[in-house]
There are 2 protein chains.
Amino acid sequence: MRMGRKSSESMNGANRSYLAQKLTKGGARLTAQRKMLVEIIQNSTGHLDAASLLRLAKRRDSRIHRATVYRTLELLKRLRLIDELDLMHLEGEKHFYEPRTRSEHFHLACFRCGKILEHNTPTFERLKKEISEQTGFKIEVIRLEAGGQCEECRAQADSSQSDASRAAR
Amino acid sequence: MRMGRKSSESMNGANRSYLAQKLTKGGARLTAQRKMLVEIIQNSTGHLDAASLLRLAKRRDSRIHRATVYRTLELLKRLRLIDELDLMHLEGEKHFYEPRTRSEHFHLACFRCGKILEHNTPTFERLKKEISEQTGFKIEVIRLEAGGQCEECRAQADSSQSDASRAAR
DNA sequence: CGTTAAATGCGAATGGGTCGCAAAAGCTCC
DNA sequence: GGAGCTTTTGCGACCCATTCGCATTTAACG
Ligand SMILES: [Mn+2]
Ligand SMILES: [Mn+2]
Ligand SMILES: [Zn+2]
Ligand SMILES: [Zn+2]
């Protein structure tokens, strides 16, 4: 009977109250799978899709099933613990997820290099406020995404553009 | 050999130059199918998904195939003649399409009654400008969507809320 | 018109996501 | 710390939107 605690577990202790609070509100049970999935999402840096999340989870406990991942994502969305992103369908039709613990931001997807930029400005906050005021609509989730060219790729495109026009002469 | 022209066809004459211009740029051919699909999209009021578009198209020429619809939508997206919407996945994973001829707006999807509101405010324009200025990102397509409760549904929810609290006492 | 590259129809194949059900695991209350 | 009830999981079959490869047709250019 190992009583040793890994750092992730002791850290879990701190998280548990927050999660327990959030998850148990509404009658959701705090299962091992859910704890694991939430922890992976929280600790992950980038934007996870369901398949990646499953892969990472299987590394800890190979018995976890795809359906559980999808069901948990659905639950976390409902509880507003994560946001779902499309990232302009840059990599097919799948969705990406990120914890709502980080400060709010939107996403810019570069069609050329595939990079995802995160950004925010007070004007976004203002826009949301205006929307509610002007339409009476109560915003529960909002998603702002743009596709185009990032600064670097634009510079590159411009220089090859001038190459092309030079060659055309 | 019927020489009569339906109004939709004569209207087509006006559109054709615009379409021909847009479609033939980049080497796209002006096929009967493409003309038909673009016309359906332009004349449609609501937000069409691929299946609805196919259904409407089949009504005019039953030989048109699903794959052609998808390929045409892809083309029109590339040419920036239409925008693709998710509408917060209110009706599953499918996408919706609308012509870019109408003035720009974003979409608010009511989770309760399923209504889609269209809205705009100058702050949105300003936000886009700021994004470009602050990040150097060149926006080619942008999508702003919110999900929540429309004014009517909110009023309804509030009144049933107070019913509930009254009942609870 | 004939030529040629591009587009279409077709049906099979993908891929992301969902479902129904039996077994397993949380919670609650004692 | 179990009994009993309810929720959740694993599982595989299934679904639905979209894509693909290929043979045939068609638009566009000369
Ligand atoms: Mn989507
Ligand atoms: Mn992000
Ligand atoms: Zn880039
Ligand atoms: Zn509503």
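Convention: sequence-line order gives letters A, B, ...; per-chain numbering from 1.
Under 3.5 Å, the side chains of His105(A) and Glu98(A) contain a donor-acceptor pair of N or O atoms. A donor atom on one side chain and an acceptor atom on the other are found under 3.5 Å apart for Thr121(A) and Glu130(B). Counted by atom type alone, His107(A) and Glu145(A) present zero donor-acceptor pairs between their side chains at under 3.5 Å.
Side chains of Leu48(A) and Leu56(A) form a contact here, defined as non-hydrogen atoms less than 4.5 Å apart. Taking the side chain as every heavy atom from C-beta outward, Arg60(B) and Glu39(B) approach each other to under 4.5 Å. Put simply, the side chain of Leu73(A) reaches to within 4.5 Å of the side chain of Ile41(A), judged on heavy atoms.
Between the CD1 atom of Ile64(A) and the P atom of dT8(D) there is a distance of 14 Å, given to the nearest Å. Across the protein-nucleic acid pair, Leu48(A) atom CG and dG17(C) atom P stand 13 Å apart, rounded to whole Å. In this structure, Leu75(A) places its CG atom 17 Å from C1' of dG17(C), rounding to the nearest Å. As a whole-Å value, the separation of Leu23(B) CG from dA6(C) P is 16 Å. Between the NZ atom of Lys25(B) and the P atom of dA27(D) there is a distance of 21 Å, given to the nearest Å. For Arg34(A) and dG10(D), the CZ to P distance is 11 Å, given to the nearest whole Å. Lys35(A) places its NZ atom 19 Å from the P atom of dT7(D), with the value rounded to the nearest Å. Rounding to whole angstrom units, CG of residue Asp61(B) and P of dT26(D) are separated by 11 Å.
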Per-nucleotide protein contact string for nucleotides 24-30 of chain C, where B marks a base within reach and S marks sugar-phosphate only (heavy atoms under 4.0 Å, - for neither): -BBS---
Nucleic acid footprint by protein, nucleotides 12-22 of chain D - heavy-atom cut-off 4.0 Å, B for base, S for sugar-phosphate alone: BB---SBBBB-
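Between Glu74(A) and Arg71(A), no side-chain nitrogen of the basic residue sits less than 4.0 Å from a carboxylate oxygen of the acidic one, so the salt-bridge criterion is not met. Under a 4.0 Å N-O distance rule, the pair Arg154(A)/Glu151(A) does not qualify as a salt bridge.
The cluster map of Ile, Leu, Val, Met, Phe, Trp and Tyr, joined by side-chain heavy atoms under 4.5 Å apart, puts Ile139(A) and Phe124(B) in the same cluster.
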